[in-house]
Amino acid sequence: QVQLVESGGGLVQPGGSLRLSCTASGSFVRILNMRWYRQAPGKLRDLVAEVSAHGTTEYENSVRGRFTISRDDAKNAVYLQMSSLKPDDTAVYFCYAKITTPYRYYGADYWGEGTLVTVST
């Protein structure tokens, strides 16, 4: 009964910027850590960025300094601000969250359906 919905994907030129959003809805107690993953064609799904329940952030090396992950607990949302985009950033981006419910006190894994980001001229 918990859903994650992403938005903000699309086509952008190299060097451009894009902001992804992910909002959790349904019945839950607390959102713990939240992540953005991406999966490029022919590649494995890779972790892009993470923000913990305490606000601590981590980034994959190739996006550090260009991407910023943030969360808004009042809106049950996580964001990924992407700047200086490169063609290699092209991928389906997935939102992930570990969320506690009355039936999962230590948290369960939830995934969004993914949003496509294409960086091309």
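Numbers for residues simply follow the sequence, beginning at 1.
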Set of side-chain contact (heavy atoms from CB on, under 4.5 Å) partners for [X], sequence neighbours left out:
| X | answer |
| --- | --- |
| S27 | none |
| T115 | E6, L20, Y93 |
| V5 | none |

What pair of heavy atoms forms the shortest contact from [X] to [Y], and how long is it?
| X | Y | answer |
| --- | --- | --- |
| I31 | A53 | O-CB, 4.4 Å |
| I99 | A24 | CD1-CB, 4.4 Å |
| C95 | V78 | SG-CG1, 3.7 Å |
| V2 | T101 | CG2-CG2, 4.4 Å |
| Y106 | T100 | C-CG2, 4.1 Å |

Distance, nearest 0.5 Å, that separates [atom1] of [X] from [atom2] of [Y]:
| X | Y | atom1 | atom2 | answer |
| --- | --- | --- | --- | --- |
| M82 | S17 | CE | OG | 9.0 Å |
| D46 | S62 | CG | OG | 8.5 Å |
| K75 | C22 | NZ | SG | 14.0 Å |
| Q3 | F28 | CD | CZ | 11.5 Å |
| R64 | E58 | CZ | CD | 8.5 Å |

Qualifying salt bridge (charged side-chain N to carboxylate O under 4.0 Å, His left out) pairs with a residue from residues 102-121, counting only residues at least two apart or across chains: K98-D109

Pair listing, salt bridge (charged side-chain N to carboxylate O under 4.0 Å, His left out) test, anchored in residues 10-33, at least two apart: none

All side-chain hydrogen bond (donor to acceptor under 3.5 Å, both in side chains) counterparts of Q13, not counting sequence neighbours: none

T118 vs V12 side-chain heavy atoms within contact, under 4.5 Å: no

Min side-chain heavy-atom separation K86-P14 under 4.5 Å: no

Linked hydrophobic residues, F94 as query - side chain contacts closer than 4.5 Å: Y37, L47, V92, Y96, W111, L116

Cluster companions of L32 among Ile, Leu, Val, Met, Phe, Trp, Tyr (side-chain spacing under 4.5 Å): none

Pairing residues for R66 by the salt bridge (Lys or Arg N to Asp or Glu O under 4.0 Å) criterion, not counting sequence neighbours: D89

Set of salt bridge (Lys or Arg N to Asp or Glu O under 4.0 Å) partners for D73, sequence neighbours left out: R71

Check: K43 main-chain N/O paired with Q39 side-chain donor or acceptor under 3.5 Å: yes

Pairs involving residues 57-80, ordered by first then second residue, that meet ring pair (Phe, Tyr, Trp, His ring centres under 6.0 Å) (sequence neighbours left out): none

Of all pairs that satisfy side chain to side chain donor-acceptor pair (under 3.5 Å), the ones with a partner from residues 47-57, not counting sequence neighbours: N33-E50, R35-E50

